[in-house]
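Take a look at the structure set out below.
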Amino acid sequence: MTVSIEAAIRAIIAEEVAAVERRIRENLSAGTDRTLDVPEAAAHLGVSEKLIYRMCQERRIPHERYGMPGSRRPTIKLRLNDLEKWRADQRALNYRG
């Protein structure tokens, strides 16, 4: 009887650990890539919004534009993963090792 109780406890613990692991993996995958607007991207990079707009206009930074073609004020969105890859590329360009 003691063996069956221990087996039941082990099964419950294994089930709970698997559920927690799933939740952690979901949170990590959801948190690694987000869509940022210009103010959020500027704050994340530590630069001005004006610089972000200029880099987008000059196509120097990865971004997405939403709005009508030719719109003077399109909505600009930047992906966090794209920004981090861009930052890594910038570090590589600026580093002489």
Side-chain angles (χ1 to χ4, degrees):
M1 189 158 174
T2 305
V3 174
S4 63
I5 292 175
E6 288 177 6
I9 291 171
R10 284 193 182 119
I12 291 169
I13 291 172
E15 188 177 309
E16 289 299 315
V17 167
V20 169
E21 184 179 355
R22 269 193 309 277
R23 285 195 304 270
I24 289 171
R25 288 182 189 276
E26 288 171 4
N27 288 340
L28 287 176
S29 67
T32 58
D33 196 17
R34 293 185 10 222
T35 301
L36 307 175
D37 59 17
V38 171
E40 291 171 323
H44 179 74
L45 294 175
V47 299
S48 70
E49 292 177 29
K50 187 175 180 177
L51 179 58
I52 297 290
Y53 281 115
R54 188 177 331 125
M55 288 191 300
C56 289
Q57 184 178 18
E58 296 171 355
R59 299 175 188 252
R60 294 185 343 191
I61 193 166
H63 66 283
E64 301 166 3
R65 289 178 180 265
Y66 297 95
M68 297 299 294
S71 172
R72 301 185 115 211
R73 305 269 307 164
T75 299
I76 295 175
K77 298 290 184 177
L78 301 99
R79 302 289 299 187
L80 184 59
N81 281 350
D82 291 344
L83 284 181
E84 290 304 315
K85 182 181 180 319
W86 176 82
R87 287 175 76 178
D89 293 345
Q90 294 303 303
R91 279 192 300 275
L93 289 173
N94 294 324
Y95 177 71
R96 295 180 197 190

With a 4.5 Å limit on heavy-atom distance, are the side chains of [X] and [Y] in contact?
| X | Y | value |
| --- | --- | --- |
| Ile61 | Leu83 | yes |
| Lys77 | Asp37 | yes |
| Arg79 | Leu36 | no |
| Glu16 | Ile13 | no |
| His63 | Arg65 | yes |

Exercise. Verify side-chain contact (heavy atoms from CB on, under 4.5 Å) between Leu78 and Asp82, making sure each step is shown before the conclusion.
Key: CA-CA 7 Å; Leu78 301 99; Asp82 291 344; over 6 Å; no

Quiz item: With sequence neighbours excluded, what pairs up with Glu21 under the side-chain hydrogen bond (donor to acceptor under 3.5 Å, both in side chains) test?
Solution: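 side-chain hydrogen bond (donor to acceptor under 3.5 Å, both in side chains) list for Glu21, sorted by chain: Arg25.
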
Practice problem: Check whether more than 12 heavy atoms from other residues, nucleotides or ligands sit under 6.0 Å from atom CD of Glu64, and answer yes or no. | Solution: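 Above 12, so yes.
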
Quiz item: What do you reckon, is CD of Glu15 surrounded by more than 12 foreign heavy atoms closer than 6.0 Å?
Solution: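 Not buried by this count: 12 neighbours or fewer within 6.0 Å.
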
Self-check item: Val20: side-chain contact (heavy atoms from CB on, under 4.5 Å) partners, not counting sequence neighbours
Solution: Arg23, Ile24

Exercise. Please identify each residue that fulfils side-chain contact (heavy atoms from CB on, under 4.5 Å) with Leu93, with sequence neighbours left out.
Key: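 Leu93 satisfies side-chain contact (heavy atoms from CB on, under 4.5 Å) with Gln90 only.
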
Quiz item: Rounded to the nearest 0.5 Å, how far apart are CD1 of Ile12 and CZ of Arg10?
Solution: 12.5 Å

Practice problem: To the nearest 0.5 Å, tell me how far Arg73 CZ sits from Ser71 OG. | Solution: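 Reported to 0.5 Å precision, the distance equals 9.0 Å.
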
Quiz item: Where the side chain of Trp86 meets the backbone of Arg60, is there a donor-acceptor pair that is under 3.5 Å apart?
Solution: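 Yes, because the side chain of Trp86 sits within donor-acceptor range (under 3.5 Å) of the backbone of Arg60.
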
Practice problem: List the steps, then state whether side chain to side chain donor-acceptor pair (under 3.5 Å) holds for His44 with Glu84. | Solution: CA-CA 10 Å; His44 179 74; Glu84 290 304 315; 2.5 Å; yes

